[in-house]
There are 2 protein chains.
Amino acid sequence: MPMDSRLEELAFEAAHDHSACVREALSAAAAICEERGVRLTPVRRRVLELVWSSHQAVKAYDLMAQMQGEMAQAAKPPTVYRALDFLMEQGLVHRVDSLNAYVGCPTPGRTHREQLLICTECGAVGEMEDPAVAHALGEAASRAGFSVQRQTVELQGICGACQSV
Amino acid sequence: MPMDSRLEELAFEAAHDHSACVREALSAAAAICEERGVRLTPVRRRVLELVWSSHQAVKAYDLMAQMQGEMAQAAKPPTVYRALDFLMEQGLVHRVDSLNAYVGCPTPGRTHREQLLICTECGAVGEMEDPAVAHALGEAASRAGFSVQRQTVELQGICGACQSV
DNA sequence: AAGTCGAACGTTATATTGTTACACTGCACG
DNA sequence: CGTGCAGTGTAACAATATAACGTTCGACTT
C-alpha cells in the first residue's frame, strides 16, 4: 500500500495510524511551500501540526492553549490567526464556518471546491469534491443569474463509523 | 398580480417596493405562528421586521443598536439572540454562517434545504432550493457513507444586478 | 379569589472569537 | 554595510455569543 493519498478517506475510519496522517500532511505542506517559494516557518508548521492532531476541527483558542509554554512566550491571538490565514491561503487548512473552527485539508496542492462532512457524533470532519454537486450548484446559480466566486458547503450528520455503533 | 410569493425573487432586484416585502414577511409570520400556536411577541416581531429591513444579512449587534431607545430599556444581547433563536426555529429567519449574520426567509412555512446566494458587491442575500443540488449532495454523501441531518450551502459571488452595472 | 406553573423577558456578568496598531528582528538583496 | 520587507511579538480592544438567575404576566386549577 502506497503511503500517499488515502488521507481523504481516513477522517471517519475509527482506528488508523494517525501519526502517519500528520507526517504526510506536514511533508506535503513542506513540499508545496518549497515549490511555491513561501515559507513554512516554525510557527506555521506547529499550527498545522496541531490542526492535524486529529480529524476534528480545532478552535483557534485551543491552538493557543496548546502552544502555551512551548513557544518562547505564550502564543497570542495574532500569532495563531496569522498562521491560520497563511495556511488557508496556501490551501493547507480549511475554515469550518458552521463551527468557527479549522481543519487540515487532506488534498492540498490543488485548489478545489470541497464539500465538508461534519459528524455530529464523533466530531470528525471529512471532505469530498463531488463533480455532480459542483455542476448542480453552478447550473442552479447561473439560472439565478448569479456568478459564483467561492462556496461554503458543509453537511452535518452521522458518519459511517458512528452509524454502525 | 397576487400579493404573495415573488418574495424569493426580489433579493437581487435593484428597485422594488421593499415595504411590501416587509409587510408580506410580517403577515406571513403572523399567520404561521397563529397556526402553530406559538407567540409572535412584540420583541420577536420587531426583530423580524428589522431583519427584513433590507435583503442584506443583518448582524445581531446591529439589531441591538437599532432597538436602543425604542424598548423600555436598551435591548441586551440575550433579548436579541432569544428572538433570533425563536425565529430560526420557526424557519422565519436563517443564519448566514459565513457572515455571522441573519437574513429573513422569503419562503417560510415549509421546511426546506435552501442554498444561499450572497452577493459580495451589494451584500444582498438570496435563496434558492434546487432539487438537483439537493439530490447531488444526498447522493455524494451517501456514497461516502454519511447520513445528512442538516446542510449549510452558501455561495459567494456577484448577483445579476451587480454584474450589469 | 388565590395558588401555581411556565413562557417570555430583563439583568448582570462572562465566555468565545477575531482584529487593530505598532514595535522589533533578522535576513535577502542591492 | 544599508535598506526594506516578511514574519513575529505585544498590548489593547472589538465583535459575537452564552450562562445564570431574577421578574412579570397570563392561563389554568382549585
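Since we're looking at a predicted model, the values are computed, not measured. Sequence lines set the chain letters: A, B, ... in the order given, protein chains first and strands last, and positions in each chain run from 1.
B:Arg113 contributes no side-chain N or O that, together with a main-chain N or O of B:Glu129, makes up a donor-acceptor pair within less than 3.5 Å. Between the side chain of A:Gln66 and the backbone N or O of A:Leu50, no donor-acceptor pair lies under 3.5 Å. With A:His112 contributing its side chain and A:Met128 its backbone, the two residues share no donor-acceptor pair below 3.5 Å. A:Glu127 places no side-chain N or O within 3.5 Å of a backbone atom of A:Gln115 that could act as its donor or acceptor partner. Judged by distance alone, with hydrogens and angles left aside, the side-chain atoms of A:Arg36 form a donor-acceptor pair with the main-chain N or O of A:Gln90 at under 3.5 Å.
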Write down the protein N/O and nucleotide N/O pairs, taken from nucleotides 20-30 of chain C, whose separation is under 3.5 Å; answer none if there are no such pairs.
none

Please produce a list of atom pairs where a protein N or O lies less than 3.5 Å from an N or O of nucleotides 14-17 of chain D.
unit_1	atom_1	unit_2	atom_2	d
D:dT16	OP1	B:Lys59	NZ	2.7
D:dA17	OP1	B:Arg95	NH1	2.5
D:dA17	OP1	B:Arg95	NH2	3.0
D:dA17	OP2	B:Tyr81	OH	2.9
D:dA17	OP2	B:Tyr102	OH	3.3
D:dA17	O5'	B:Tyr81	OH	3.4
D:dA17	N7	B:Tyr61	OH	2.7
D:dA17	N6	B:Tyr61	OH	3.4

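For A:Thr120 and A:Gln156, the side-chain atoms include no donor-acceptor pair closer than 3.5 Å. No side-chain donor-acceptor contact under 3.5 Å links B:Gln163 and A:Ser147.
Residue B:Thr41 places at least one side-chain N or O closer than 4.0 Å to OP1 or OP2 of C:dC9. Put simply, B:Arg44 has a side-chain N or O that comes within less than 4.0 Å of OP1 or OP2 on C:dC9. Contact between the side-chain N/O atoms of B:Thr79 and the OP1/OP2 oxygens of C:dC9 is not found at any separation under 4.0 Å.
B:Asp85 has its CG atom 13 Å from the C1' atom of C:dA8, to the nearest Å. One interatomic measurement links the two molecules: CG of B:Asp97 to C1' of C:dT17, which rounds to 14 Å at whole-angstrom precision. Atom CZ in B:Arg39 sits roughly 6 Å away from atom C1' in C:dA7 (whole-Å rounding). If you measure from atom CG of A:Leu87 to atom P of D:dG7, you get 12 Å, rounded to the nearest angstrom.
Ion pairing between B:Arg45 and B:Glu49 fails under the 4.0 Å rule for side-chain N and carboxylate O.
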